[in-house]
Asks: 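One structure, as structure tokens, below. Some questions next.
Side chains included, hydrogens not; waters and symmetry mates left out as well; all remaining heavy atoms used.
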Amino acid sequence: MELGIYGLGRMGANMALRLVQGGHRVVASNRSPGPVDEAAKNGCVPAYTIEEMVSKLEASPKIVWLMVPAGKVTDDTLDHVMTLLKPGDIIIDGGNSNFHDTERRAERVTANGMHFMDCGTSGGIWGLKVGYSLMIGGEEETYKHCEPIFKTLAPENGYGYMGRSGAGHFVKMVHNGVEYGMLQAYGEGFEILEKSNFDLDLLKVTQVWRNGSVVRSWLLDLAELAFQKDQKLESIRGYVDDSGEGRWTVQAAIDEDVPAPVITLSLLARFASRQDESFSAKVIAALRNEFGGHAMTFESGERGGVRHVAE
């Protein structure tokens with residue numbers, strides 16, 4: 001098949017390459033020219049503007065796949081693309097959009113006679129090699145028309161039609177919420193191991209857990225790679241960002257009256273990781289001292305950094 005891909009970041013560029021390797025004609029475009037040049041070297045048809053990308057699409061209906069950041073950028077890009085397409089053409093949003101935004105965008109696109117699909121995309125930088133997990137929403141007929149694209153991007157049984165517009169991004173949102181909880185559990189478990197007095201080889205633990213254990217997973221495979229590079233993780237700062245989908249998952253749980261303590265706390269743990277000095281921890285330390293006379297650690301060296309108060 002033929003399609004245009006706009007947005008050649010880490011995932012978009014690799015997706016374009018995987019599609020070219022699968023025999024599809026890909027017109028690749030990006031806001032900055034560098035990634036377009038690189039895509040051209042890998043067999044894509046280069047396009048340095050959205051107008052050029054759409055004009056180089058020869059098949060009908062034209063298919064444009066957007067891989068841009070969620071929010072205003074997606075809306076602006078979508079509006080621009082819609083002015084260049086005709087009724088019957090197809091737009092796919094493969095980014096991490098909020099499913100509420102997706103439902104709104106689908107109405108806008110279909111009101112103009114075009115077709116809109118949302119495709120939750122998971123796989124990160126490994127997608128080029130092993131394929132992407134694709135969770136797809138929209139009209140089922142449009143899904144069937146585009147299915148050869150999805151089949152090339154995904155590993156066997158790695159893609160599926162989730163339902164009406166918004167369903168794909170909704171399933172991907174919950175997927176990321178589950179990921180938050182899994183990552184937090186692994187992080188806490190390895191910290192307990194690392195702080196024990198057993199002088200454990202965390203790489204060896206990871207290798208054992210990966211084979212036959214009920215907690216084995218691809219994330220554990222990636223943990224092994226990380227520990228091979230640096231078992232103490234001394235070169236990594238414990239600052240954990242979030243893409244927004246964890247927040248949306250927690251909000252959906254609240255809206256649906258679903259108790260989701262693990263996902264919620266894993267999101268809050270990410271917030272905590274961004275504090276060089278937690279004020280809440282200072283309050284807790286001060287209160288413990290006030291009611292129980294517990295020792296407090298100070299910023300500068302009063303009594304060697306610790307203030308001792310009699311019990």
Asks: If you count the non-hydrogen atoms of other residues, nucleotides and ligands that lie under 6.0 Å from CZ in Arg31, is the total more than 12?
Replies: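 No - once you tally the heavy atoms of other residues, nucleotides and ligands closer than 6.0 Å, there are 12 at most.
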Asks: Answer yes if Leu233 and Leu220 sit in the same cluster of Ile, Leu, Val, Met, Phe, Trp and Tyr residues linked by side chain heavy atoms under 4.5 Å apart, and no otherwise.
Replies: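 Hydrophobic grouping puts Leu233 with Leu220.
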Asks: Could you tell me whether the side chain of Asn30 and the main chain of Ser32 form a donor-acceptor pair under 3.5 Å?
Replies: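 Flag set: sc Asn30 to bb Ser32 pair under 3.5 Å.
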Asks: Could you check His115 against Val109 for side-chain contact (heavy atoms from CB on, under 4.5 Å), going step by step and ending with a plain yes or no?
Replies: CA-CA 6 Å; His115 304 284; Val109 173; 5.9 Å; no
Asks: Measure from the side-chain N and O atoms of Glu245 to the backbone N and O of Val174, and report whether any donor-acceptor pair falls under 3.5 Å.
Replies: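 It does not hold such a pair.
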Asks: Might you work through the side-chain contact (heavy atoms from CB on, under 4.5 Å) test for His169 and Glu103, ending with a clear yes or no?
Replies: CA-CA 10 Å; His169 281 153; Glu103 292 175 312; over 6 Å; no
Asks: Is the backbone N or O of Gly244 less than 3.5 Å from a side-chain atom of Arg247, with the two atoms forming a donor-acceptor pair by type?
Replies: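 Not at all, since once roles are kept as given, no pair shorter than 3.5 Å links the two residues.
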Asks: Apply salt bridge (Lys or Arg N to Asp or Glu O under 4.0 Å) to Asp101 and Arg104, showing your working.
Replies: CA-CA 5 Å; Asp101 292 336; Arg104 170 177 54 80; 3.2 Å; yes
Asks: Look at Arg270 together with Asp241 and state whether they make a salt bridge at an N to O cut-off of under 4.0 Å.
Replies: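 Looking at Arg270 and Asp241, the cut-off is not met.
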Asks: Side chains of Gln207 and Asn211: any donor to acceptor distance under 3.5 Å?
Replies: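 Checked: Asn211/Gln207 side chains show no N/O donor-acceptor pair below 3.5 Å.
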Asks: Taking Glu2 for the side chain and Ala59 for the main chain, is one N or O donor matched with an acceptor at less than 3.5 Å?
Replies: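 Side chain of Glu2 to backbone of Ala59, a donor-acceptor pair under 3.5 Å: yes, one is there.
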Asks: Whether Asp79 and Arg105 form a salt bridge (side-chain N of Lys/Arg under 4.0 Å from carboxylate O of Asp/Glu) is what I want to check.
Replies: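 A salt bridge is absent here (no side-chain N lies under 4.0 Å from a carboxylate O).
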Asks: CG of Leu8 to CG of Asn42: how many Å apart, nearest 0.5 Å?
Replies: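 That separation rounds to 10.5 Å.
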Asks: Determine, for Arg164 against Glu140, whether the closest basic-nitrogen to carboxylate-oxygen distance falls under 4.0 angstrom.
Replies: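 Glu140 and Arg164: not salt-bridged.
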Asks: Can Ser165 and Asp118 be said to form a side-chain contact (heavy atoms from CB on, under 4.5 Å), step by step?
Replies: CA-CA 7 Å; Ser165 294; Asp118 51 291; 4.3 Å; yes
Asks: Test: ring pair (Phe, Tyr, Trp, His ring centres under 6.0 Å). Region: residues 179-216. Which pairs qualify, not counting sequence neighbours?
Replies: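 Residue pairs passing ring pair (Phe, Tyr, Trp, His ring centres under 6.0 Å), neighbours aside: Phe190-Trp209, Phe190-Phe227.
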Asks: What's the separation between atom CD in Glu179 and atom CG in Leu219, rounded to the nearest 0.5 Å?
Replies: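 Nearest 0.5 Å value for the CD-CG distance: 6.5 Å.
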Asks: Below 4.5 Å, heavy atoms only, C-beta onward: do Lys172 and Asn96 meet side chain to side chain?
Replies: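 Sidechains of Asn96 and Lys172: in contact.
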Asks: Would you check if the side chain of Thr77 reaches a backbone N or O of Thr74 as a donor-acceptor pair within less than 3.5 Å?
Replies: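 It does not hold such a pair.
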Asks: Would you say Asn14 and Tyr132 make side-chain contact, with heavy atoms under 4.5 Å?
Replies: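 Yes; the side chains approach each other to less than 4.5 Å.
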Asks: Say whether, by atom type as modelled, one donor and one acceptor occur between the side chain of Ser196 and the main chain of Leu193 under 3.5 angstrom.
Replies: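 The answer is yes, because a donor-acceptor pair under 3.5 Å joins these two groups.
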Asks: Taking Lys86 first and then Asp89, would you say they form a salt bridge - that is, a charged N and a carboxylate O separated by under 4.0 Å?
Replies: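 Not counted as a salt bridge, because no side-chain N and carboxylate O are separated by less than 4.0 Å.
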Asks: Rounded at 0.5 Å granularity, tell me how far CD1 in Ile91 sits from CE in Met82.
Replies: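 If I round to the nearest 0.5 Å, the distance is 6.0 Å.
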Asks: Does any N or O in the side chain of Thr121 come within less than 3.5 Å of the main-chain N or O of Gly94, such that one atom is a donor and the other an acceptor?
Replies: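 Such a contact is found between Thr121 side chain and Gly94 backbone.
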Asks: Distance-only, no hydrogens or angles: does the Asp257 side chain make a donor-acceptor pair with backbone N or O of Ala253 under 3.5 Å?
Replies: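 Not at all, since once roles are kept as given, no pair shorter than 3.5 Å links the two residues.
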Asks: Can you give me every donor-acceptor pair (side chain of residues 143-158, partner residue at least two apart or in another chain, under 3.5 Å) with its distance?
Replies:
unit_1, atom_1, unit_2, atom_2, d
Glu147, OE2, Tyr159, OH, 2.8
Thr152, OG1, His24, NE2, 2.7
Thr152, OG1, Pro148, O, 3.1

Asks: If only atom types and distance count, is the side chain of Gln184 paired as donor or acceptor with the main-chain N or O of Ala269 below 3.5 Å?
Replies: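 No: the side chain of Gln184 does not pair with the backbone of Ala269.
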Asks: Please check this pair: side chain of Arg274 against backbone of Val240, looking for a donor-acceptor N/O pair closer than 3.5 Å.
Replies: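 Between the backbone of Val240 and the side chain of Arg274 there is a qualifying donor-acceptor contact (under 3.5 Å).
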Asks: With rounding to the nearest 0.5 Å, note down the distance linking OG1 in Thr206 to CD in Gln228.
Replies: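 Spacing of OG1 (Thr206) from CD (Gln228) equals 9.5 Å.
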Asks: Run the numbers on Leu3 and Val64 for side-chain contact (heavy atoms from CB on, under 4.5 Å), then give the verdict.
Replies: CA-CA 6 Å; Leu3 73 156; Val64 174; over 6 Å; no
Asks: Minimum heavy-atom separation for Met135 to Ser122, with atom names?
Replies: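 Looking at all heavy atoms of both residues, the closest pair is CE-CB, 4.1 Å.
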